[in-house]
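Everything below concerns the one structure shown next.
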Amino acid sequence: VRTIEKQAFYNCSSLSSVNLSQVDTIGDQAFYGCASLTEVSLNGIEKIGRQAFVYCNNIKAFTVSNSSNYFSDAAGVLFEADENNKKLLQYPAGKTSTSYTLSDVTVNSIEPYAFYGASNLSEIILSDSLVTIGEHAFDGCTSIKTVYIGASVKSIGTRAFYDCLSLESIYVSLSNAYYYADQNGVLYKFARNENDELILGSDGSMSVDTLVCYPAAVQRNAYTVMGGVTTISSGAFAKNTHLIRVILPSTLDKVRDEVFSGCANLAEIYFKGEVPTEFGDGVLDSTAKELIVYYIADNATWVNGSLPK
């Protein structure tokens, strides 16, 4: 057998070992949910599909032969060995280390779901050479308290820090021209035009237009979203149980899916502007039972306080 097809061992939770010595291709989600695997040797592998080892929460290390032209490992972490575009593919979710520093300056991408379920990690430090963080990259890293984002990050995927229930603060290099973290550790994205040029304020300062992530463990009862924000990303505030009141700016236009989902004590939302043109699915799921939406009474876009369906 040279190829393991897509989802071939999907959710085989009792599979504890696998011999891949004759295999060169592993399909998408091939070992997804194989919770009993503890170590995987990838000697001879030439291609690994998406999410091949996601939900394998007991893998403690990936090993790759030094002779491989396609992949490499460092301290059990799996990388794609492309000299021009090196990627961190998968961090072993069962690894017992509490801190991880990505110091390899040749790595410019963390792939989607790369750290998924790495519940032992409490701190992540990312190198200044990193450019891309994929969607759900740190999803389910329930012990992470702090994340340090370097100067070169230009793209952070949807819900990259979703379900990071202990996350207290995100720090961003002051040299980063794409992302910004406020004094509360809340992550924003700077406004850019279709040519990827910064949109500056009237005073020449950089302005934000997207709230990316409000950490789940920020212990504030009230928060005012920065002015100029037009979009709140999917799941941005999800599962923060400390929030009681949120004030949204007049510029807000798009509220993505599940933005406030799981904010069990969120009781008051204040809209300073018009009804958002986009209001995603499950935005207010599992919020306080007596949640009240406040809006400006004479704003014609509001009809009996209704939000878009």
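Judged purely by atom type and a 3.5 angstrom limit, N195 has no side-chain atom pairing as donor or acceptor with the backbone of E197. Not a single donor-acceptor pair under 3.5 Å links the side chain of S233 to the backbone N or O of C213. Judged by distance alone, the side chain of T101 and the main-chain N or O of I125 form no donor-acceptor pair under 3.5 Å. Put simply, the side chain of T251 gets close to the backbone of G228: a donor and an acceptor are under 3.5 Å apart. When atom types are taken as modelled, the side chain of S122 and the backbone of S143 share no donor-acceptor pair closer than 3.5 angstrom. With hydrogens and angles disregarded, a donor-acceptor distance shorter than 3.5 Å links the side chain of S36 to the backbone of S13. T230 contributes a side-chain N or O that, together with a main-chain N or O of D209, makes up a donor-acceptor pair within less than 3.5 Å. The closest donor-acceptor contact from the side chain of D73 to the backbone of V64 lies under 3.5 Å. A side-chain donor-acceptor contact under 3.5 Å links S152 to the backbone of D128. At least one donor-acceptor pair closer than 3.5 Å links the side chain of S173 to the backbone N or O of S175.
Listed here is the closest heavy atom pair of Q90 and A114: NE2-O, 3.0 Å. Residues L198 and M206 come closest through the heavy atom pair CD1-CE, 3.7 Å. A pairwise comparison of heavy atoms in C56 and G33 identifies SG-N, 4.3 Å as the closest pair. Of all heavy-atom pairs between N120 and G94, the closest is ND2-O, 4.1 Å. Among all heavy-atom pairs drawn from M226 and P249, the shortest one is O-CG, 3.6 Å. Of all non-hydrogen atoms in R245 and L266, the two that sit nearest each other are N-CD1, 4.0 Å.
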Test side-chain contact (heavy atoms from CB on, under 4.5 Å) applied to V153 and V172, step by step: CA-CA 9 Å; V153 172; V172 180; over 6 Å; no
Checking F138 against L167 for the side-chain contact (heavy atoms from CB on, under 4.5 Å) test, could you report, in this order, the C-alpha distance in whole Å, the side-chain angles of both residues, the deciding distance, and whether it holds? CA-CA 11 Å; F138 299 98; L167 185 59; over 6 Å; no
Checking side-chain contact (heavy atoms from CB on, under 4.5 Å) for the pair Y294/I269: CA distance, chi angles, key distance, verdict? CA-CA 6 Å; Y294 294 90; I269 301 179; over 6 Å; no
For the pair I144 and F161, evaluate side-chain contact (heavy atoms from CB on, under 4.5 Å) and give the outcome as yes or no after the intermediate values. CA-CA 9 Å; I144 286 181; F161 304 103; over 6 Å; no
Set out, in order, the CA-CA distance, both residues' side-chain angles and the distance that settles ring-ring contact (aromatic ring centres under 6.0 Å, His included) for F9 and F31, then state yes or no. CA-CA 5 Å; F9 293 92; F31 295 97; 5.1 Å; yes
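Classification of D28 and R50 as a salt-bridged pair holds, one side-chain N sitting under 4.0 Å from a carboxylate O. Using a cutoff of 4.0 Å between basic side-chain nitrogens and carboxylate oxygens, E278 and R256 are scored as salt-bridged.
Going from atom CD1 of I170 over to atom OH of Y179 covers 11.0 Å, rounded to the nearest 0.5 Å. N265 contributes atom CG, which lies 11.5 Å from atom CG of L291 (distance to the nearest 0.5 angstrom). Y214 OH to C263 SG: the interatomic distance, rounded to the nearest 0.5 Å, is 9.0 Å. To the nearest 0.5 Å, atoms CG (L211) and NZ (K189) are separated by 13.0 Å. Considering OH of Y188 and CD1 of I232, their distance stands at 8.0 Å, rounded to 0.5 Å. Distance CZ/F279 to CG/D257: 10.5 Å, rounded to 0.5 Å.
A donor-acceptor contact under 3.5 angstrom links the side chains of E111 and S109, judged on distance only. For the residue pair S127 / S129, a side-chain donor-acceptor distance below 3.5 Å is found, with atom types taken as modelled. Judged by distance alone, the side chains of D182 and Y223 do bring a donor and an acceptor atom under 3.5 Å apart. Side-chain contact annotation: E135 with T158, donor-acceptor N/O pair under 3.5 Å absent. The closest side-chain donor-acceptor pair between D253 and T277 falls under 3.5 angstrom.
In this structure, N299 and F271 have side chains that are not in contact, with every pair of non-hydrogen atoms separated by 4.5 Å or more. The side-chain heavy atoms of S261 and V283, taken from C-beta on, include no pair separated by under 4.5 Å. Using a 4.5 Å heavy-atom threshold, the side chains of H136 and P112 count as separate. You'll find the side chain of I45 reaches within 4.5 Å of the side chain of V23, heavy atoms only. Counting only heavy atoms from C-beta outward, the side chains of I110 and L102 approach each other to under 4.5 Å. Contact of the V225 side chain with the F237 side chain is registered, since non-hydrogen atoms from C-beta on lie closer than 4.5 Å. D163 has its side chain within reach of K239: a pair of non-hydrogen atoms, C-beta onward, lies under 4.5 Å apart. Proximity of I26 to L42: side-chain heavy atoms (C-beta onward) are separated by under 4.5 Å at one or more points.
Each of Y116 and L78 belongs to its own hydrophobic cluster when Ile, Leu, Val, Met, Phe, Trp and Tyr are linked at side-chain heavy-atom distances under 4.5 angstrom.
Partner F115 forms a ring pair (Phe, Tyr, Trp, His ring centres under 6.0 Å) with one of Y91, F53, Y162 and no other, that one being Y91.
The local environment of NZ in K60 is crowded, with over 12 non-hydrogen atoms from other residues, nucleotides or ligands closer than 6.0 Å. Within 6.0 Å of CG on D196 lie more than 12 heavy atoms contributed by other residues, nucleotides or ligands. Enclosure of atom OH in Y55 is not indicated, since only 12 or fewer non-hydrogen atoms of other residues, nucleotides or ligands lie within 6.0 angstrom.
You'll find the ring centres of F71 and F62 outside the 6.0 Å limit.
Between Y180 and F190, the angle of the ring planes lies from 30° to 60°, which puts this pair in the tilted group.
By the side-chain hydrogen bond (donor to acceptor under 3.5 Å, both in side chains) test, S65 is found to be paired with S67, residues two or more places apart in sequence or in another chain being considered. For E5, there are no salt bridge (charged side-chain N to carboxylate O under 4.0 Å, His left out) partners two or more places apart in sequence or in a different chain. Contacts of D104 classified as salt bridge (charged side-chain N to carboxylate O under 4.0 Å, His left out), with partners at least two apart in sequence or in another chain: K86.
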